[in-house]
Amino acid sequence: MSSEDISVLIVEDNKTQGKALFETLLRADMKPTLVHHPNEALEKIKFSEFQVIIIDLLLPTMNGIDLAEKINAQCAGEAVFVFMSGVFKDKQLVRKALQKVPSLGFFKKPANLQKIVNLIKDNLKPYQSYNTSLLYELFSKPPPSNKELVNILNDTKITHGFDLPWIYSLILNSTLSGTLNVMMGQGEIFTVVFHKGNMTHINLKDEHSYFGSLLIEMGFSGREEIDQILKNNSHKRLGERLVDINAISPHVIGLIKKQQMAIRLSKSTTNTSIEINFTDEDTPPEEFYLTKEQFIPYLNDIISSKIPPAWLKTFFTPFFEKSFSKGVHFSEFLNLEHQSVLKKFSKIIKVVDSSAALQKLMDANSKYEKELHRALYFLLNLRVFQFSKEKVDNTKDRNKFKRYKTIYKQMLVQNYFEILGVNANTPSKEVSRSYHELAKILHPDKLPGDASSKLIKLNEKIFTLMTEAYQTLKSDENRGKYLHELEVNQSELIIHNEDLFISGKKALLNRRYKESYKIFKEIFESKEKSSDINIYYVWAVIKKGYTKESKEKLHTQCLGLLNEVPTEDRHSANYFYSKGLLLLMSRDRDRAYKCFTQAISLDPKHIPAKRERSRFHTKVKDGIGVKTLLFDLTALDAVTKIFKKIK
């Protein structure tokens, strides 16, 4: 830390001595702030961050020790204290002052001011400022060499589970061979093996292999055939047994393994703190592996289904004053346009080299903020885009106020973990780093001198919420109490939603669709919901009925909801049934029929899927498409259900 990085708060009621100390620190290239009253100090500490606080022990209305304790309790920075006094020289009192808070020392007045400067400079090392994550710095830099990447991964050590897709992408865009070791916050360990930049194995503890389900879904086998083979004792795996009896060809195993890898990639991306290291070593080549190109649709699914909008919002906040430039894979953009995260933003390529700050871009697309965050994060991960190195601020004051208002409203409904973009397992040091990353943009000191009083007050409210979150989560004791409060509130809501879910599912199966829609809508809008609620909500929304005018909007909404279902939850009869209903809505009848068939294959007792499939006049046989179909029409057309010829 250089001297310019040191902010010092001087609390000295003697104006002459305070001014002398202020000027000495200023000449030493530090950033001093001088106040004369304890109340002024407490007010300053709310909205300014100080590394060092110099306090006179004798102050009006409050002694220096009590003031130091109050400041230490609410101080957002990791500050240290220096005490001075010309009256209190008792050793026990001095010792008490030094023990109450993190302290550098005590000086008798008149103090040697240069010694104070030297003391601060000599003790800077433990109080370094918090730098941007090494991983996040790569969003603004060219791709690292293999050696640099290994060093960055091993120096990072602790990060968020939602950063794993970025880590996977970095390695897949290298030629590294070795093993990524990941320890999750709960102590579980898994490994990801790479060979020359290709992913060959994800060794994640998983109760389900999904192999049989995937064979059925992809049409390579049937439920009865698999059940029969599993009855026979054998040390061989299911795929090998099927190959032995010529039920499938060997290449099918590779296809299934890649799908298994997609599921494990999704499962590995969780809301927890992770500890990582990369072992650079020779690994054997494998017949089946995942390339960086094959990773793209899986990355699309992970960003759509596993990374919450609230986390993405917090992730992007420190980059608000950055613009976008071309990444090393910018030329590949046209090959990505069909990915669902880019559907709404076909012209997003125009933001590159436009010098428009992210904040301005978000303001122009506030209606689709969630979708824009996903699109940008997707393109950053693939290095199609990268952030500019320099900050730009081309946002007008009134637009900045609108942006800050949105941030404030979001924070009011977020818990402390969501505000800082961390989780229950995040170490205190990482909590501090996340807080300081946000403070680089949202600290009141960062506003321009001509900012309106309206904007300043709103910014102070935001910073107060951030500071409350930080003060609570940086302390293990306070974090534990806060977690307990959250769990109590969440458990009540979870129990309530579970009861609603049972009622909603019963209403669906009994074809009381309006009733089921109301129930699942309440669960869907709740903060505590299971990952598969989207499946049932889509089912209820479509079956409730719709008009011709609302059809297109409803289809887009339901498609987005199914895209948000995590990969590991897409291998159920209910998922394929809801997907089939959506395909019927768009009149894609062949694929709808296949989805209903897949649902029945996975659950032979799935009555709704059987009911839908029975409405097809001609069933799919031997790969021949559906010729005639009796299908559910919209509420508007329901009075005249007819057979429609498909040509």
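All of these numbers come straight from a predicted model, not from anything done at the bench.
The backbone N or O of Ser273 lies less than 3.5 Å from a partner atom in the side chain of Asn423, making a donor-acceptor pair. A donor-acceptor pair under 3.5 Å is formed between the side chain of Gln294 and the backbone N or O of Thr291. A donor-acceptor pair is defined here as one N or O able to donate and one able to accept, closer than 3.5 Å; such a pair exists between the side chain of Trp166 and the backbone of Leu135. Counting only distance, with no hydrogens or angles, the side chain of Ser550 and the backbone of Tyr546 share no donor-acceptor pair below 3.5 Å. Judged purely by atom type and a 3.5 angstrom limit, Ser516 has no side-chain atom pairing as donor or acceptor with the backbone of Ala540. Lys610 places a side-chain N or O within donor-acceptor distance of the main-chain N or O of Pro604, the cut-off being under 3.5 Å. A donor-acceptor contact shorter than 3.5 Å links the side chain of Ser503 to the backbone of Asp499. When atom types are taken as modelled, the side chain of Ser491 and the backbone of Glu487 share a donor-acceptor pair closer than 3.5 angstrom. Side-chain atoms of Ser323 do not come within 3.5 Å of backbone N or O of Ser355 as any donor-acceptor pair. Put simply, the side chain of Ser578 never gets that close to the backbone of Val538: no donor and acceptor are under 3.5 Å apart.
Counting heavy atoms from C-beta outward, Thr406 and Ser366 have side chains that stay 4.5 Å or more apart. Side-chain contact between Leu334 and Glu337 is present, with heavy atoms from C-beta onward closer than 4.5 Å. Taking the side chain as every heavy atom from C-beta outward, Thr272 and Thr426 never approach each other to under 4.5 Å. Put simply, the side chain of Ile519 does not reach to within 4.5 Å of the side chain of Phe501, judged on heavy atoms. Using a 4.5 Å heavy-atom cutoff, the side chains of Ile523 and Tyr536 are not in contact. Looking at Ser169 and Lys292, their side chains never come closer than 4.5 Å, going by heavy atoms from C-beta outward. Within the 4.5 Å cutoff, no side-chain heavy atoms of Asn489 are placed close to those of Leu493. Leu465 places a side-chain heavy atom less than 4.5 Å from the side chain of Tyr408.
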Derivation and outcome, ring pair (Phe, Tyr, Trp, His ring centres under 6.0 Å), residues Phe520 and Tyr537 = CA-CA 6 Å; Phe520 284 115; Tyr537 187 50; 7.8 Å; no
inquiry  = One pair to check against salt bridge (Lys or Arg N to Asp or Glu O under 4.0 Å): Glu564 and Arg374. What are the steps and the verdict?
reply    = CA-CA 12 Å; Glu564 290 177 1; Arg374 285 174 174 168; 3.1 Å; yes
task = Could you walk me through whether Asp588 and Arg591 pass salt bridge (Lys or Arg N to Asp or Glu O under 4.0 Å), step by step?
result = CA-CA 6 Å; Asp588 192 342; Arg591 289 174 65 204; 3.1 Å; yes
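Remark: aromatic rings of Phe385 and Phe139 are distant, center separation not under 6.0 Å. Aromatic ring centroids of Phe319 and Phe387 lie under 6.0 Å apart. Close placement of the Tyr136 and Phe315 rings is indicated, their centers lying within 6.0 Å of each other.
Residues satisfying the side-chain hydrogen bond (donor to acceptor under 3.5 Å, both in side chains) test with Lys521, not counting sequence neighbours, are Glu525.
Here the straight-line distance linking atom CG of Leu382 with atom CG of Asn173 works out to 7.5 Å at 0.5 Å rounding. Here the CD-OG distance, from Glu498 to Ser530, works out to 8.5 Å after rounding to the nearest 0.5 Å. With values rounded to the nearest 0.5 angstrom, Gln359 atom CD is found 10.0 Å from Met362 atom CE. In this structure, the separation between CZ on Phe320 and OH on Tyr404 is 8.5 Å, given to the nearest 0.5 Å. Distance CG/Leu372 to CG/Leu361: 5.0 Å, rounded to 0.5 Å. For the atom pair NZ (Lys402) and CG (Asp363), the distance works out to 6.5 Å, reported to the nearest 0.5 Å.
Around the CZ atom of Arg511, the shell of radius 6.0 Å holds no more than 12 heavy atoms that belong to other residues, nucleotides or ligands.
Nearest heavy atoms, Ala573 versus Asp603: CB-CB, 3.6 Å. When all heavy atoms of Lys267 and Thr270 are compared, the closest pair comes out as O-CG2, 3.1 Å. Residues Leu420 and Thr314 approach most closely at C-CG2, 3.7 Å, considering heavy atoms. In terms of heavy-atom proximity, Leu215 sits nearest to Val252 at CD2-CG1, 3.8 Å.
Using a 30° and 60° split on the angle between ring planes, Phe345 and Tyr368 fall in the perpendicular class, above 60°. The aromatic rings of Tyr377 and Trp311 sit perpendicular to each other, their planes meeting at more than 60°, with 30° as the lower class boundary.
Lys454 forms a cation-pi arrangement with Phe401, by the criterion of a distance under 6.0 Å to the ring centre and an angle within 45° of the ring axis. Figure legend: cation-pi geometry between Lys544 and Tyr513 absent, as NZ or CZ is not positioned both under 6.0 Å from the six-membered ring centre and within 45° of its axis. In this structure, Lys306 forms no cation-pi arrangement with Phe162, as its terminal cationic atom is not both closer than 6.0 Å to the ring centre and no more than 45° off the ring axis.
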Only pairs under 3.5 Å count here: list side-chain donor-acceptor contacts from residues 297-304, not counting sequence neighbours, and write none if there are none.
from: Asn300; atom 1: OD1; to: Ser340; atom 2: N; distance (Å): 3.3
from: Asn300; atom 1: OD1; to: Ser340; atom 2: OG; distance (Å): 3.4
from: Asn300; atom 1: OD1; to: Val341; atom 2: N; distance (Å): 3.0
from: Asn300; atom 1: ND2; to: Ser340; atom 2: OG; distance (Å): 2.9
from: Asp301; atom 1: OD2; to: Arg570; atom 2: NH1; distance (Å): 3.4
from: Ser304; atom 1: OG; to: Asn300; atom 2: O; distance (Å): 2.9

All N/O donor-acceptor pairs, side-chain side in residues 410-417, below 3.5 Å, sequence neighbours left out:
from: Asn415; atom 1: OD1; to: Phe417; atom 2: N; distance (Å): 2.9
from: Asn415; atom 1: OD1; to: Glu418; atom 2: N; distance (Å): 2.9

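Between the side chains of Gln386 and His329, no donor-acceptor pair of N or O atoms lies under 3.5 Å. A donor atom on one side chain and an acceptor atom on the other are found under 3.5 Å apart for Tyr168 and Ser268.
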